[in-house]
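This report refers to the structure that appears directly beneath it.
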Amino acid sequence: MPGSDRPAEGIVRELPRLRQDFDAALAEVRDPEGLQDVRTRFLGRKSGELTLLFGRLGKLKDEQRREAGRELNTVKQEVESRLEARRAELETRLRDERLLRDRVDVTLPGRMPPRGRRHPLTVVREQLEDIFVSMGYEIYDSFPEIDDDFHCFEALNMPPDHPARDMQDTFYLEGSAALLRTHTSTGQIRYMLSNPHPPRVRIICPGKVYRRDDDITHSPMFQQVEGLVVGPGITLADLKGTIEAFLHALFGPQYPVRFRSSFFPYTEPSVEADLGCVVCGGKGCRVCKGTGWLEILGSGMVHPAVFEAVNKRLGRVVYDPEEVTGFAFGLGIERVAMMRHGVDDIRLFYGNDLRFLEQFDN
Ligand code: DAH
């Protein structure tokens, strides 16, 4: 074979085919793995096609070896620089593809976390508290929800056979004398017992109360605000002026307030306050049952028997019915909120349904 006397030519003659194969292989490359395969095929340390040609140089004479070596080196450099160029190209393309895939639209509006708000009953209670605080009242709410017969009934002049004590109405705790308070009037007794001097009181007592009742206008747990004012010379006129000022502050001065005589064991005389119907403006509607008025709270002049029960517990006369008088009142927060917002089912307040709760301004 002609290569035997000019072996350098044999090696060099391989080069065009090798170049062609390399071009074709490189054109097929789509990813870095493919590129690595091509590199191994031509430059692999043991059996790369170009490496093998280099291996054959050792059999050549000096002159021929230099000549063929130059050619091989030229091709090797070319192969290397084209592999490198292709690598850079691939990298750029892959990066562009990744950028496109992971594109973030920074102009998209963010997802707002749902905004919480105060419960409508909390709002009403706080409005009520603000009104009384502005009139110089103290908020007393540190009295227990679990109480007893004395504070809930007896000290409030309710005889043992009073219907409010009935198992039908009151939650008694099993196997004990304790009960869930049925009204915040316990706050009157608790406050006077723990603040025995001087016998002057001006408080409101907000809190939860419990009754065996459950229908569209009654919930087994609901909230009340009790009020108590005690001092020398407090009269029914003070009661009426206070309640009227309070209702006008809460609902607006356009609604008339009227007082009807009533009965509660712990007040004498007792009166209930009505407000001109906030739904029909007094003309008469379904909500006020055609009367033009809405019952809003119970109140009265503190019964001397209440002061006496407190004195007896204290073991001395602190609230002397000859020296001091007082008035008390109590109202339901849910009822106020229902009137205010035209809600006709009390259970909605305790259903935790966001569609309902979201309708109220914080
Ligand atoms: N305790 C009464 C109730 O639960 C409300 C009430 C009426 C409270 C008259 C009073 C009052 O202080 O004087 O319905």
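Whatever order the structure lists them in is the order used to number ligands and atoms, beginning at 1.
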Decide whether the shortest distance between a heavy atom of E272 and an atom of ligand 1 is less than 4.0 Å.
-> no
Run the side chain to side chain donor-acceptor pair (under 3.5 Å) check on H218 and R211 step by step: do they pass?
-> CA-CA 9 Å; H218 297 88; R211 288 182 200 174; over 6 Å; no
Nearest protein heavy atom to atom 12 (O) of ligand 1, by residue and atom, and its distance?
-> E226 OE2, 2.6 Å
Identify, by atom number and element, the atoms of ligand 1 in contact range of G300, meaning under 4.0 Å from any of its heavy atoms.
-> 13 (O)
Heavy atom of M301 under 4.0 Å from ligand 1?
-> no
Backbone or side-chain N or O of A328 under 3.5 Å from ligand 1 N or O | yes
Quick one: are the ring centres of F222 and Y210 less than 6.0 Å apart?
-> no
Are H183 and Y266 close enough that their ring centers fall under 6.0 Å?
-> yes
Given Y266, F222, F327, F329, which one has a non-hydrogen atom that is nearest to atom 2 (C) of ligand 1?
-> Y266
Shortest heavy-atom approach to atom 3 (C) of ligand 1 - which of Q188, H303, Q224, R181 = Q224
Quick one: does ligand 1 sit under 4.0 Å from the side chain of S185, the backbone, both or neither, non-hydrogen atoms only?
-> side chain
Basic-acidic side-chain contact under 4.0 Å: R202, E138 | no
Go through ligand 1 atom by atom and flag the ones less than 4.0 Å from a non-hydrogen atom of H183.
-> 1 (N), 4 (O)
Which word best sums up how the rings of Y350 and H119 line up, parallel for under 30°, tilted for 30 to 60°, or perpendicular for over 60°?
-> parallel
Give the numbers and elements of all ligand 1 atoms closer than 4.0 Å to a heavy atom of T267.
-> 13 (O)
Applying salt bridge (Lys or Arg N to Asp or Glu O under 4.0 Å), run through K240 and E244 and close with a yes or a no.
-> CA-CA 6 Å; K240 290 175 78 175; E244 191 168 294; over 6 Å; no
One should read off an interatomic distance between L121 CG and H341 NE2, to the nearest 0.5 angstrom, of 8.5 Å
Around atom 4 (O) of ligand 1, find the nearest protein heavy atom and jot down its residue, atom name and distance.
-> R211 NH2, 2.7 Å
Are F143 and Y191 close enough that their ring centres sit under 6.0 Å apart?
-> no
